Amino acid sequence: LLVVLPAGPLHVVVPNRISHMFGLRGPSLPVDTACSSTLNAIHLAIQSMENGECRMALAGGVSLILNPARHVSGSKMGTLSPTGSCKTLDERADGYVRGEGAGMFVLKPLDAALADGDPIHGIIRGSAVNHCGKTHTLSYPNAEAQADVIVAAHLRAGVPIDSVNFVELHGTGTAKGDPIEFAGLQQAFDRLADLQGVGLAPAYCGLSSAKTNIGHLEAAAGMAGVAKVLLAFQHRQLPGFHDFRALNPRVRIEDTPFRILDRTVAWEPVQDGAPLRAGVSAFGFGGTNAHLVLEAPPAPATPRKRRA
């Protein structure tokens, strides 16, 4: 069991108590890599199942605002939006907005889930984590490292990059972070296209971020991104940015595979009959990066009719 919580006194006890209540005996630990915590928890849960430490795992994230300390420090650092709204990739981007939320995912090998008749909301095709290494400052993003983690997740997924036509950005809405994230994403898609020998059609891959709708859930940000993609699979719609007006002038989107989702649109696969696929990014302010490649679940099997 892997539960993400903000750092605090005895926060390790929370996942341990859940394991106690349900009699779970596999690994039970909190994960704190700041904004990428949930995706790191999911990555560790996958590894535990692959290593035979457990047959099923719970991984999730919690973000609660219980005191003003982080508001004060964020304001002093200049990372919080003074206008009170997150405007990812927008020319008005001026920082992020703190949000609250909690969510948990049940993870299970696909074959086992199918055999047990479990409802399946999505398939994790690949996951990867890394660190930015040495940068200008502790919190300064590294586009190359972000590209590396996206490439690594796709190589584990083993799916064509031109079949992934949506990316849920980390998208903090800062003037510095958004252009760097976009540059890393472009590097990753270009490298994967070269490795796989495929061409990328212009503007085939939509981009948006839940942070413009619900704020930055910090330790639970990855949970929010994954939940959004799973709901998008269910409704076959791509939610757009909230209140997007004009692209950040430091982002050059022309002649790239990407398009800004400024409104909700129908989500169609790149080819008829192909599954919907998406990427989810989460980058911790301490430099720990994570990325998932998700795929829509298979259609549920039609139950056999019993003979009278």
Side-chain angles (χ1 to χ4, degrees), residues 1-6 11-12 14-15 18-19 24 26-63 101-113 118-131 146 148-159 164 166-171 209-211 216-234 277-284 286-297:
L1 172 63
L2 296 155
V3 178
V4 180
L5 287 171
H11 65 285
V12 66
V14 176
I18 295 174
S19 295
L24 306 176
S28 179
L29 61 147
V31 178
D32 186 2
T33 59
C35 323
S36 58
S37 297
T38 303
L39 297 196
N40 274 272
I42 291 173
H43 181 72
L44 290 173
I46 292 170
Q47 290 182 329
S48 286
M49 287 186 286
E50 290 176 342
N51 292 334
E53 296 173 333
C54 57
R55 294 176 295 172
M56 182 181 72
L58 303 177
V62 178
S63 178
M104 185 78 73
F105 305 107
V106 179
L107 308 178
K108 199 171 181 180
L110 180 58
D111 290 345
D118 296 325
I120 301 172
H121 300 284
I123 300 169
I124 302 172
R125 284 296 179 192
S127 66
V129 301
N130 74 359
H131 191 271
Q146 292 179 2
D148 288 343
V149 79
I150 295 170
V151 169
H154 278 85
L155 292 179
R156 291 195 177 104
V159 299
V164 177
F166 174 66
V167 175
E168 171 66 10
L169 300 172
H170 183 55
S209 173
K211 291 180 180 61
H216 188 353
L217 271 58
E218 297 174 341
M223 177 277 301
V226 172
K228 172 183 170 179
V229 172
L230 297 182
L231 288 169
F233 284 154
Q234 179 182 340
R277 292 191 177 117
V280 181
S281 290
F283 307 130
T288 300
N289 307 312
H291 190 82
L292 297 183
V293 179
L294 302 180
E295 181 177 291

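Since the structure is predicted, the reported quantities are computational estimates derived from the model, not experimental observations. No hydrogens, no waters, no symmetry mates; every other heavy atom, side chains included, goes into these values.
Scored by the side-chain hydrogen bond (donor to acceptor under 3.5 Å, both in side chains) test, Ser127 finds His43 as partners (sequence neighbours excluded). With sequence neighbours excluded, the residues that form a salt bridge (charged side-chain N to carboxylate O under 4.0 Å, His left out) with Lys228 are Glu168. Contacts of Glu218 classified as salt bridge (charged side-chain N to carboxylate O under 4.0 Å, His left out), with partners at least two apart in sequence or in another chain: Arg70, Arg98. Not counting sequence neighbours, the partners of His170 by the ring pair (Phe, Tyr, Trp, His ring centres under 6.0 Å) test are His216, Phe283. Residues passing the side-chain contact (heavy atoms from CB on, under 4.5 Å) test with Ala113 are Lys108, Asp118, Ile120, sequence neighbours excluded. With sequence neighbours excluded, no residue forms a side-chain hydrogen bond (donor to acceptor under 3.5 Å, both in side chains) with Gln146. Residues satisfying the side-chain contact (heavy atoms from CB on, under 4.5 Å) test with Ala102, not counting sequence neighbours, are Val62. Considering only residues two or more places apart in sequence or on other chains, Glu53 meets the side-chain hydrogen bond (donor to acceptor under 3.5 Å, both in side chains) condition with Ser48. For the ring pair (Phe, Tyr, Trp, His ring centres under 6.0 Å) test, no residue two or more places apart in sequence or in another chain qualifies with Phe105. Residues forming a side-chain hydrogen bond (donor to acceptor under 3.5 Å, both in side chains) with Ser36 (at least two apart in sequence, or on another chain): Thr33, Asn40.
Closest approach of Ser28 to Ser19, counting heavy atoms only: OG-OG, 2.8 Å. The minimum heavy-atom distance linking Leu230 with His121 is given by the pair CD2-O, 3.5 Å.
Residues Thr38 and Val31 fail the side-chain proximity criterion, which asks for heavy atoms closer than 4.5 Å.
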Tell me which donor-acceptor pairs under 3.5 Å the side chains of residues 287-294 have, and how far apart each pair is, sequence neighbours excluded?
residue, atom, partner, partner atom, Å
Asn289, ND2, Asn130, OD1, 3.0
His291, ND1, Val280, O, 3.2
His291, ND1, Ser281, OG, 2.8

